[in-house]
Asker: 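Let me begin by handing over the structure; questions about it come next.
Reminder, nothing fancy here: chain letters follow the sequence lines and each chain counts from 1. The structure presented is a predicted model; accordingly, all values stated were derived computationally and were not measured.
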Amino acid sequence: MIATREAARQGFFDRFASWLGETKLAYLGNAAALRDFRVQLRGNRSMLLFGLYLAVMIGAGLVIYAQTANAGQISALVAQNNLLTFYAVVIGMLGAVLTIVTPALSATAVVMERQRHSLDLVFSAPVTARYYLVGKMISAFRYTWMLLILSLPVTASCVVLGGASWSDVLESFGLLSMHALIITAISLLVSTMVSKPVSAIIWSYAATAAYLIPATALSAGAMNATNGPFHMEGIQAPFWGGLSPYTVSAMAGTYSSIGGLDVPNWILVGGLTLLICRLLLLGAGVALASWDPKLIVKLRSTSLVYAAVLAAWVGYAAVPSASSVGDLSVFGGSLLAGSSVALLLAVPNVCCFGKDAERRLRPNGWFSSRRMLDGTPAGALPFLLALVSVGALGLFLGTFLGSGLTLGMPFLVYVCYGAALVSLFWAVARYTSSYMLGVRTARVGVIVSMIVLLVLPTPILSALTPAGIDSEALTVWDLFVLRPIGATNTHRVGEALAYAVLLLAATGIFAAWAEKNLKEKNSGDRPDGPIVA
Amino acid sequence: MLEVRNLRKQYGDLVAVNGVSFCLQPGDVFGFIGSNGAGKTTTIRMISTLLEPTAGTATLNGADIVKDPLAVRSMIGYMPDFFGLYDDVKVWEYLDFFASIYRVPRSQRGDVIDNVLQLTDLTVKKDAFVQSLSRGMQQRLCLARCLVHDPALLLLDEPASGLDPRARAELKALIGELGKMGKIVVVSSHILPELADFCNTVGIIERGDLLAFGPVDQIVKGAHTTRVLELRLLREANASARFMLDLPHVVAAQATSESLVCVDFSGDYEQQAELLKHLVSEGFPVIGFREQEADLEDVFLRLTTGAVQ
């Protein structure tokens, strides 16, 4: 018995030492990062780009300064305020530059290798998907930091003039680099999933926009909940205010009071960012590991753990007293339902199947919990539902640990709503896959359906009614079933349950159509065959 | 030692590789022959762990391609039928990158790169950009890349495609040299005569089935149950063909011209001598008598139907 325990302990230490060694190899002296870096800095292309970037930054800085300073005509207090604004605009401009440059840097990183067939050469060596993706991440991230450091002449002028302190600059740079990290991870994920560099660039910008629009909306909401956009230093504010790169300077000095402890928001945002990046890279790893089902199982099970931790982090850091979130038990559910929208972005990749992907899949049933982690069509819905469930569990635990609150029935209703929403788009993905031959066409079909059903109705409904999505009065919004982010008050809980039932009914209809199509496809000499990679 | 056991790959109803089995020892240079779509590349990709087998497995020096792919990868050098070179990278940087991902210690990388460049005759191009190399040089660079970690097994998929005759001859010599160094070399190719020159073992694959496997001589002999004899006569070719049909071990005989007869003969050398004696004693004016040498191409054409999947 003692010998067995000793052997198990030894095995654990061996595995830990091996993991440590692999981690060191991946992060320090990563060959992929070194090679990319050599190429990035070769020739005079990068020097020209850097020169242009500096010229634009300094030029824009001078223009903004000229507009804000007006020395001699305004009071010292107004001048001080203007300098603070100047600093905020400079940092916002840096955020905009990073938003534009970062997807371009990493969107083609994997797809170019796939196109020139060098990916096979790399993966015929003892290289893991993690090592490779971390290398790509480092090379893009290093470039981002070069841009940040190059902007120092402009940001330093803010410090010299009195608009900000060096610690503000450092904090802002830290937050900006976190945003760049997320955008890099989004672009890398896209790069592993598409087949052409141009598609990778277009989809990367689209996915970045899909992240930034709600993140910026959340940030704006957080700032409204406090005292305005630019001068929030030293005050308590909801941490999600730091989720947008355009509000970094305002959020840099804020904090959240959790369990009597004032936690700087940059720590909360940083942790959240790293968790999001990890999840995105796990997705990219699954896309890269198409030849290795065991690795897919490992990566998917890890992603479930990270999803739970991510949700727990959000629940822990969401402090109701700092914002207008109101009843946290409802807010938590609403937040989870909102997170389901983010999960929807994974639906095209997780649920679609066809014959032109790296991993060619045939339908092997519509629901099999045994297949939850292996990446086959039958495991798609169980995997998505598992993500919703672990997210709910994480949020429940995180909220309890952070605020001491127990999320109750309304929360459960919103969990059901989130699950129903995800199920509906799973059924749509299955339908498009059954209707179209290629997986890529099927994915585009799902994305188009999301745009038509989710994105486009929002401006139309907003134009039709003056009342907001959160209004308690009966409005035209009540006709719109697919509104996961709305309803942060108890008034909407009953409706959310009714909507969940409606969504499940629609899911059933789409799934039945898909099955009918698949049966017609497979009738005669093409019975459902084994799943093959 | 490379041991391939019942390796199978299936895509839906399509069986790309159907239970291929063979075993190779260090020093073996194995020629993998088959038409396009026969299953060569699929087999090679499964052995290189880039493709998961539907069934069966292969082991290289005890490491299983399914259970321990990373260990297998550290022992193989895979050269696909495309180059996969990076732009804006120098020759030594390209090799340094692969030496690094194959975990060659940093202190040894310089020497390793120099050695493989010397072996592939690319030393003078060490600081050149890879896109500036000729096709033959790029092919040699790819081979050099496969050698940076001193692999036990080299998987070369169509290595000679697109090369000019000189580059092809150089590549042949290099592969032969690698075999002599004790490496297992698997080479797939359409160009059969060149495989026969440097391979000591061949396998013929069609529609996923390994039709023949073994040493070249054995395969050639095994594929021909009869020998083809070529007789040259001053005249009476037709008469001699008719005469020979009644002789023992003559399966078929046909005059292909006024002076030439081809005979399908099932006997051995002694019986060949008897046949000649009969012809001469009957007064046929024989001026030439030889056995047509069968080659790999004959064997390939005889064993395969040309069908693809």
Asker: Please name all residues satisfying side-chain hydrogen bond (donor to acceptor under 3.5 Å, both in side chains) with A:K136, sequence neighbours left out, ordered by chain then number.
Answerer: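 Once residues adjacent in sequence are excluded, the partners of A:K136 under the side-chain hydrogen bond (donor to acceptor under 3.5 Å, both in side chains) criterion are A:D36, A:E113.
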
Asker: Return the option, out of B:D88, B:V89, B:I101, B:L70, with the maximum number of heavy-atom pairs under 4.5 Å with chain A.
Answerer: B:I101

Asker: Against chain A, label B:V72 side chain, backbone, both or neither, depending on which of its atoms sit under 4.5 Å from a heavy atom there.
Answerer: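 Neither; nothing under 4.5 Å.
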
Asker: Can you tell me which portion of B:F82 sits under 4.5 Å from chain A's heavy atoms? Options are side chain, backbone, both or neither.
Answerer: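 Contact with chain A is through the side chain of B:F82 alone.
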
Asker: Yes or no on side chain to side chain contact (heavy atoms under 4.5 Å, CB included) for B:V17 and B:R8, after CA distance, side-chain angles and deciding distance?
Answerer: CA-CA 5 Å; B:V17 175; B:R8 182 182 169 88; 5.7 Å; no

Asker: Taking side chain as everything from C-beta outward and backbone as N, CA, C, O, which of these in A:R38 sits under 4.5 Å from a heavy atom of chain B? Side chain, backbone, both or neither.
Answerer: side chain

Asker: After noting the C-alpha distance and the side-chain angles of B:K9 and B:E52, does the key distance pass the salt bridge (charged side-chain N to carboxylate O under 4.0 Å, His left out) rule?
Answerer: CA-CA 8 Å; B:K9 185 70 196 175; B:E52 186 207 5; 5.2 Å; no

Asker: Is it the side chain or the backbone of A:L119 that comes within 4.5 Å of chain B heavy atoms, both, or neither?
Answerer: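 A:L119 has no heavy atom closer than 4.5 Å to chain B.
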
Asker: Can you tell which part of B:F83 gets under 4.5 Å to a heavy atom of chain A, answering side chain, backbone, both or neither?
Answerer: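 The backbone, not the side chain.
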
Asker: Under the side-chain hydrogen bond (donor to acceptor under 3.5 Å, both in side chains) test, which residues partner A:T23, sequence neighbours left out?
Answerer: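 Only A:R130 meet the side-chain hydrogen bond (donor to acceptor under 3.5 Å, both in side chains) criterion with A:T23.
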
Asker: Mind ranking A:A32, A:P126, A:G29, A:S118 by heavy-atom pairs under 4.5 Å with chain B and telling me who comes out on top?
Answerer: A:P126

Asker: Side chain from CB out, backbone as N, CA, C, O: work out which of these in A:Y132 comes under 4.5 Å of a heavy atom of chain B, or both, or neither.
Answerer: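 The answer is neither part of A:Y132.
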
Asker: Give a yes or no answer on whether the side chain of A:Y53 reaches the backbone of A:L147 with a donor-acceptor pair at less than 3.5 Å.
Answerer: yes

Asker: If only side-chain N and O atoms count, and only distance matters, is there a donor-acceptor pair under 3.5 Å linking B:D64 with B:T59?
Answerer: no

Asker: Where on B:L85 is there a heavy atom nearer than 4.5 Å to chain A: the side chain, the backbone, both, or neither?
Answerer: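 Just the backbone, heavy atoms under 4.5 Å.
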
Asker: Can you tell me if B:R73 and B:T49 form a side-chain donor-acceptor pair at under 3.5 Å?
Answerer: yes

Asker: Could you list the residues that satisfy side-chain hydrogen bond (donor to acceptor under 3.5 Å, both in side chains) with B:T41, not counting sequence neighbours?
Answerer: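 Partners of B:T41 by the side-chain hydrogen bond (donor to acceptor under 3.5 Å, both in side chains) criterion, ordered by chain and then number, come out as B:D157.
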
Asker: Tell me, yes or no, whether the heavy-atom count around B:K90 atom NZ, taken from other residues, nucleotides or ligands under 6.0 Å, exceeds 12.
Answerer: yes

Asker: Residue by residue, scan residues 122-152 of chain B and write down, ordered by number, those that have a heavy-atom distance under 4.5 Å to chain A; if none do, write 'none'.
Answerer: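 B:F129, B:R145 fall under the 4.5 Å cut-off.
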
Asker: Quick one: of B:A99, B:S100, B:G84, who has the most non-hydrogen atom pairs under 4.5 Å with chain A?
Answerer: B:G84

Asker: So, does A:N30 use its side chain to make a donor-acceptor pair with the main chain of A:A26 at under 3.5 Å?
Answerer: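 The answer is yes, because a donor-acceptor pair under 3.5 Å joins these two groups.
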
Asker: Does B:E170 form a salt bridge (charged side-chain N to carboxylate O under 4.0 Å, His left out) with B:K172? I'd like the steps, not just the answer.
Answerer: CA-CA 5 Å; B:E170 285 169 359; B:K172 265 161 54 175; over 6 Å; no

